[in-house]
> 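Before I ask anything, let me first share the structure, which is written out below as structure tokens.
All chains are named by letter (A, B, ...) in the order of the sequence lines, taking the proteins before the strands, and each is independently numbered beginning at 1.
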Amino acid sequence: MEKQNTFTNEENCSSEQLESYFFNPNWDNSMNQNDPFESAFSSMAASNGIIGDNIVVRELIGRTGNSQEMSMLDHQIAQGNFPINGNRFSSPPSSAPFPADPGFADRAARFSCFANKNLGAMNAQLGSNEAELPHRSATNLEPGKISSYQSFKISSCDKKLGCLSISSTPEKAEFCESRENSSISEQIPAREVGTNDANDRKRKAVLRGKAKAIPSSNSANISSENSGSSSKRSKPGDDKCSEPPKDYIHVRARRGQATDAHSLAERVRREKIGERMKFLQDLVPGCNKVTGKAVMLDEIINYVQSLQRQVEFLSMKLANVNPTMDFNMQALLSKDMFQSRGAIHDELQLLDTYPFQCQQGPNLHSVIPSRIDAFPTNYFNDATGRNQSKQQLSVDNLVSTVWEDDLHSLVQMGNGQNQTQSFHGILPTAQTKAER
Amino acid sequence: MKTHNQLPSSHSLVESRFAYLFLKALKELNKNRPSSPSIRDTYRRYNLIRVSAYGLMASAVRPRRAWSRATLWKIRNRTFLRALMKRSRTRSLTRRVPARGNPKKGLGCKLVKDLRKLVPGGEEMKFCRLLNETSHYMKCLQAQVQIMRNIVDHYST
């Protein structure tokens with residue numbers, strides 16, 4: 001990135017001080033809210049590729065693993081996905097059930113024991129379960145979140161698998177009750193597997209026979225046990241589940257269309273990508289008439305490049321503004337504090353130390369008055385805790401003074417005098433931060 | 001946003017946060033401005049402002065999106081990355097993991113690669129995710145440009 005190239009300036013050390021000062025408190029702020037996030041996040045920050053891998057792995061395994069990290073990652077990923085549909089696939093953190101691995105192993109063993117036992121009773125039960133399912137899904141998950149049965153449809157072709165998975169409906173009953181929140185998506189694949197034989201249609205499409213409470217990992221294990229066909233199908237399932245980490249996508253095979261797993265997966269994928277391209281089209285101005293993904297991508301790239309160039313140009317302009325800005329900045333801040341209304345409840349901590357004047361100023365995109373309070377306190381609390389080496393010089397200032405002064409001291413440190421010293425100080429600090 | 005007391009428009013929250021942070025940063029940066037700035041000083045300030053613009057936007061977004069995480073990580077580890085770069089100039093700073101899940105060869109792999117380079121952290125995402133991140137990144141960039149333009153206009157008058 002060009003950012004990287006420009007970072008080689010020696011001034012970067014100073015900017016890094018400044019930026020770290022800004023970043024750490026914010027990070028700590030968010031991390032304080034979500035402690036497990038920190039552990040997950042550090043690993044994520046180290047390699048962004050982990051996110052994708054985790055999703056894939058998670059899909060393969062089903063929902064095994066009771067690690068809180070996984071749920072946190074899920075939450076992160078779910079939050080970060082797909083703004084279009086308002087996170088249709090996202091689910092509350094509580095509904096990210098990851099039963100423990102040993103539990104799955106036990107259940108898997110138990111299920112296999114029940115092979116061929118309840119096959120007859122299955123269909124009847126499946127019917128009843130089906131009735132229950134919508135209710136459950138309504139209560140627990142959105143309909144769209146119901147697992148994709150792709151990986152399991154395959155296995156449904158196999159009678160043995162059906163028996164294996166459907167087996168022990170009484171077991172399922174237990175599990176259903178025990179894991180109501182999470183389990184629906186898990187149950188569904190199991191049920192799907194159960195109904196197979198009667199219909200050669202793609203199970204993917206239909207919510208048939210909801211055999212209860214087979215953990216999705218169990219089903220996943222079963223499907224993985226199968227021959228290559230099942231493994232192939234689980235892959236499309238993985239692809240589809242890249243966005244909603246916990247659930248499988250329900251795909252309906254349309255009339256007259258190919259119904260094998262690959263094409264279904266491809267279709268879903270294409271639809272997803274198409275949806276996002278449409279959303280991007282709305283974002284990019286003047287792209288309403290553009291058709292075709294390639295042209296659209298080109299426009300998007302140009303637009304992002306132009307935006308980045310604009311940012312750089314404006315920052316250059318800001319760097320050249322005359323020093324009389326200082327006074328204006330104060331006024332600007334005070335003006336904008338009351339500029340827009342908005343209830344930021346999540347960060348509302350009433351601080352009334354800042355005297356405000358209600359004036360009409362430039363519309364700076366909803367700067368909200370109550371927000372000032374959150375930052376100074378956070379900065380202080382976090383800054384003093386974290387950057388020991390860097391802020392040794394300014395720790396006193398930080399603790400004792402208002403937010404302007406501590407920033408001021410930091411910038412002083414960064415801007416000029418002790419560049420070499422600060423550089424040495426920054427380097428180990430940066431290293432430690434990277435390790436964190 | 002994760003919190004229960006969710007704003008009606010979470011993006012305005014991000015914008016206000018960024019505006020606030022950026023104004024503060026600008027204020028601090030301008031406090032030490034020498035009376036007659038040399039080109040070098042101006043360039044330095046420009047660099048600082050630019051980095052802070054990107055970084056503060058990422059901070060305002062919180063590490064919730066992949067691109068904000070990538071940006072913050074890059075800024076945090078700039079010295080480390082710089083050393084890495086010096087050590088091996090030929091090697092790219094970002095890990096060259098071939099992005100899986102990108103079957104859209106017909107779409108133009110080159111275009112997708114360019115997009116990956118543009119969006120921070122986009123090197124290792126699947127294509128679907130890349131589009132997500134791009135849309136969010138674009139929205140934030142738009143807001144950032146708007147805010148900065150407002151600031152410049154305010155101070156130039």
> Do you know the tightest heavy-atom contact between A294(A) and L111(B)?
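So the two residues come closest at O-CD1, 3.2 Å.
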> For a quick test of reading the model, state the closest non-hydrogen atom pair linking L283(A) to S135(B) and the distance between them.
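Here L283(A) and S135(B) meet closest at CD1-O, 3.3 Å.
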> State, to 0.1 Å, how close M148(B) and S315(A) come at their nearest heavy-atom pair, and which atoms those are.
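Where M148(B) meets S315(A) most closely, the heavy atoms are CE-N, 3.6 Å.
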> Roughly how far apart are L280(A) CG and K139(B) NZ, rounded to 0.5 Å?
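So the CG of L280(A) and the NZ of K139(B) are separated by 11.0 Å.
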> Just so I understand: if I count every heavy-atom pair under 4.5 Å between each of T134(B), L141(B), D153(B) and chain A, which residue has the most?
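The residue among T134(B), L141(B), D153(B) with the greatest pair count is L141(B).
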> With rounding to the nearest 0.5 angstrom, report the CD to CD distance, Q310(A) to Q146(B).
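Result: 10.0 Å between the selected atoms.
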> To check you understand the geometry: which heavy-atom pair defines the closest contact between R149(B) and L314(A), and what is its length?
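Result for this residue pair: N-CD1, 3.7 Å.
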> Could you walk me through whether Q142(B) and Y303(A) pass the side chain to side chain contact (heavy atoms under 4.5 Å, CB included) test, one step at a time?
CA-CA 10 Å; Q142(B) 281 172 345; Y303(A) 187 59; 2.5 Å; yes
> Taking all heavy atoms of D114(B) and all of I301(A), pick out the closest pair and write down the distance.
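Here D114(B) and I301(A) meet closest at CB-CD1, 3.7 Å.
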> Tell me which of these, V295(A), D298(A), D282(A), V284(A), has more heavy-atom pairs under 4.5 Å with chain B than the rest.
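Among V295(A), D298(A), D282(A), V284(A), the one with the most close pairs to chain B is D298(A).
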> Roughly how far apart are E275(A) CD and N132(B) CG, rounded to 0.5 Å?
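Here the rounded value is 10.5 Å.
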> Report yes if the side chains of R276(A) and F127(B) come closer than 4.5 Å at any heavy-atom pair, otherwise no.
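R276(A) does not reach F127(B) side chain to side chain.
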> Rounded to the nearest 0.5 Å, how far apart are CD of Q305(A) and CG of L118(B)?
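If we round to the nearest 0.5 Å, Q305(A):CD and L118(B):CG are 5.0 Å apart.
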> Using heavy-atom distances under 4.5 Å, tell me whether F313(A) contacts chain B through its side chain, its backbone, both, or neither.
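Contact with chain B involves no heavy atom of F313(A) at all.
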